[in-house]
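A short worksheet on the structure shown next.
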2 protein chains.
Amino acid sequence: MKLDPRHLEILAAIVDSGGLTEGAQAIGRAQPSVSRTVAMLEARIGAPLFDKNKRPLVPTELCLSLAGEGRRILAAGNTASAIVATFRTGHRGMVRIGGTPVFMDGVISTLIAEFQQNHPQVRIEQSYGYVPELMHQLVAGRLDVAICPTNPAALPQGFQFVPVLPGRNVIACGSHHPLLRKGPLRLADIAPYPWIAPPASSPLYEDMRHILRDIGVNDTRISFSGGTLASMTAILSNSDALTVLPYSVVFMARRQRVLAALSIRIGHPERMLGILTGDAEAANPTVRRFRRFIETEFGNLSRVIQQHEQNTVWRD
Amino acid sequence: MKLDPRHLEILAAIVDSGGLTEGAQAIGRAQPSVSRTVAMLEARIGAPLFDKNKRPLVPTELCLSLAGEGRRILAAGNTASAIVATFRTGHRGMVRIGGTPVFMDGVISTLIAEFQQNHPQVRIEQSYGYVPELMHQLVAGRLDVAICPTNPAALPQGFQFVPVLPGRNVIACGSHHPLLRKGPLRLADIAPYPWIAPPASSPLYEDMRHILRDIGVNDTRISFSGGTLASMTAILSNSDALTVLPYSVVFMARRQRVLAALSIRIGHPERMLGILTGDAEAANPTVRRFRRFIETEFGNLSRVIQQHEQNTVWRD
DNA sequence: AAGCTTCATAACATAGAGTTATCTTATTTT
DNA sequence: AAAATAAGATAACTCTATGTTATGAAGCTT
């Protein structure tokens, strides 16, 4: 015989609160409703659940057994409600985030770790991609948030973009690079060193080409290409190679003291790093919460970087 | 947010059986029903439970969490069903049984032990009483079964009585009583010994008076009265006292070799030991099962006693 | 015995679950 | 690539169960 779990809940409530009226109140119903439910249950089971004509309602053995199961059902229902609640407040769920590889590895992953300290139930699914691919994934609904450099002026329809950092680059090197110990740098100083090239489809690749042209380096020697930030960092810190990286990436790595930026002013692209989303309204609470977190954290980071920049002498 | 436990059950069924159609089948509903239920749930929670437009239905993280609770609810519901099933077959529940003290202690308690070996979930609530009180308790519904001596010819309205044993008594003594070693007994042999008297309200008390009158003992010396069977047995086996006990009680005690019956034929009351109930139809399955057990066990006992009697020479 | 509290019953409105038939769409097959 | 297949979504309708308020009946208390 299949029993309605709600009936078992009611039994548990009645037994635990010691009366029909109280039980009804406990479960949020009117007294006649539970009275009738009990009567129906008794008729269906074919056995009394309470001793009739006794005023402090006395449950049957059978009733007590069933109430035990009802208690479990109530407990499961409560935790289910709690699950929904945490989900609705954004404390549970999944965020699918994508971004350009170097920036994700160098900046975002640290922020994610911080976010998860306060949101252990939120699962982050990270993927890498460049802007066209990211946009495609956003449109297809396979990505909740993209973090990438974008020119806000040329934003296509159907996207929302919140800029968080200027897309400023630096010439990066290992922290023991000989050029760091020199005074004002000139073209002749830089020219001898080999370069690490980002993937050709990366925005950084274009940036590097522009920079090299601007400072007059013509015959670039590419010693390494195709690696992620981890590989680039390893090679930079164990060689005299140079590369172009977002300033924020070098800034975040300052703690580890493996990367450094050459004190030479270079041109900046017309891009902003920011948070790109499709329809921001349709996002679930977890995604919204994550976005808010990223935005405020970037706000802080932006301020710190600006302060740091003012304390640094940039030379031409 | 309060969720309907049945919805969580459905979620669990869908997730576990891997599809809407199969889930519906698993839980015994039609496919459109669960489809609609899922849609309603999603609307209420405000979040998708399954990835839309994917054909092997892919549950959301949230859905998986909720399905976990649903699984618990299903489990609780199943054990609840099992509880009801065992109850309905009489393998669970409570039987309130009352009877005359000596007979309950000497015969019924042994049968109860046997019954409970096959019915560990059945609780027996035993009480003592004499016939008028037992009838009153039956009428008041505070007793399911009474086991007592009754004259079937004088049965009041509203009672059912199933006779199981003739109300035959014997003169009982300790197993080392000197009279047991004598040949044919005469009045003069019995006269010197003291007697143990049952309580005055007990049927046995009247029986004893009749027997003593029949065999011609006039000045009875009562050495003990008011005890239960345990006390009587202890005293009988440690003294030369005599008493009147139902033959079945002495018979059941034969294994312990502490009680014996004098080989002297005495008159028997016009009573039958039997099972007295109020309205037999209204009884729950457990009570019915217990009654059936008692009846068949008494049937066996009755046969064994009769065989035993035939092998015993009763002397006048 | 009167009064109070608590459960039972009645009557009616409504939401949800059940059904079958049919449409839409994702995936598989040829 | 188009057709076939399988599975989920919708629609329309019935019926059960729940919810409501008002009121009756029955224990328990004082």
Side-chain angles (χ1 to χ4, degrees), chain A residues 1-45 47-60 63 66-67 70 73-74 77 80 140-142, chain B residues 1-45 47-60 63 66-67 70 73-74 77 80 140-142:
Chain A
M1 160 174 291
K2 169 74 178 159
L3 299 168
D4 190 324
R6 290 174 304 173
H7 297 169
L8 298 175
E9 282 185 346
I10 290 175
L11 247 44
I14 295 173
V15 168
D16 289 346
S17 55
L20 250 177
T21 311
E22 295 87 342
Q25 221 164 13
I27 215 162
R29 296 218 235 160
Q31 171 264 321
S33 179
V34 307
S35 174
R36 184 180 41 188
T37 300
V38 169
M40 273 172 45
L41 243 188
E42 286 182 329
R44 201 173 289 181
I45 293 178
L49 293 169
F50 296 93
D51 292 1
K52 294 299 156 191
N53 302 337
K54 283 271 173 287
R55 203 33 67 93
L57 218 54
V58 181
T60 311
C63 178
L66 295 179
I73 293 174
L74 271 174
R142 286 193 289 270
Chain B
M1 161 174 290
K2 168 74 179 161
L3 299 168
D4 190 325
R6 290 174 303 173
H7 297 169
L8 298 174
E9 282 185 345
I10 291 175
L11 248 44
I14 295 173
V15 168
D16 289 346
S17 55
L20 250 177
T21 310
E22 294 87 343
Q25 222 164 12
I27 214 163
R29 296 218 237 160
Q31 171 263 321
S33 178
V34 308
S35 174
R36 186 181 40 188
T37 301
V38 169
M40 272 174 47
L41 242 188
E42 286 182 329
R44 201 172 289 180
I45 293 177
L49 292 169
F50 295 94
D51 291 2
K52 293 302 156 190
N53 302 338
K54 282 273 173 284
R55 204 36 70 89
L57 217 55
V58 180
T60 311
C63 177
L66 294 179
I73 292 174
L74 272 175
R142 286 192 289 268

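Every chain is numbered from 1, with letters handed out A, B, ... down the list of sequences.
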field: Residue P32(B), side-chain atoms from C-beta onward, closest of dT20(C), dA17(C), dT18(D)
entry: dT20(C)

Euclidean distance, R44(A) CZ relative to T37(A) OG1, rounded to 0.5 Å: 10.0 Å

- prompt: Quick one: L57(B) CG to dT27(C) C1', roughly how many Å, whole number?
  reply: 14 Å

Atom-pair distance (CD on Q25(A); P on dT5(C)), nearest Å: 14 Å

task: Would you kindly give the CG-to-P distance between D4(A) and dA17(C), to the nearest whole Å?
output: 10 Å

message: Nearest to the R36(B) side chain among dC7(C), dT20(D), dA12(D), which nucleotide is it?
response: dA12(D)

message: Output the rounded distance in Å from NE2 (H7(A)) to P (dT16(D)).
response: 14 Å

query: Less than 4.5 Å apart, any side-chain heavy atom of I10(A) and any of I14(A)?
result: yes

task: Check whether any side-chain heavy atom of L41(A) sits under 4.5 Å from a side-chain heavy atom of L11(A), and report yes or no.
output: yes

field: For atom CZ of F50(B) and atom P of dA9(D), their distance in whole Å
entry: 9 Å

Shortest side-chain distance from S33(B), nucleotide among dT9(C), dT10(D), dT19(C): dT19(C)

query: Looking at C63(B) and F50(B), what are the two nearest heavy atoms and their distance?
result: SG-CZ, 3.7 Å

message: Distance check needed: dC23(C) P versus Q31(B) CD, whole Å only.
response: 15 Å

- prompt: Starting at CZ of R6(B) and ending at P of dT16(D), how long is that distance when rounded to a whole Å?
  reply: 15 Å

Close approaches to DNA chain C from residues 13-24 of chain A, in residue order (heavy atom, under 4.0 Å): G19(A), L20(A), T21(A)

query: Please give, in whole Å, the distance from dA9(D) P to D51(B) CG?
result: 12 Å

message: Do P5(B) and R6(A) make a side-chain contact, defined as non-hydrogen atoms from C-beta onward lying under 4.5 Å apart?
response: yes

field: Minimum side-chain heavy-atom gap L66(A)-I45(A) below 4.5 Å
entry: yes

Within-4.5 Å side-chain heavy-atom neighbours: L74(B) and D16(B): no

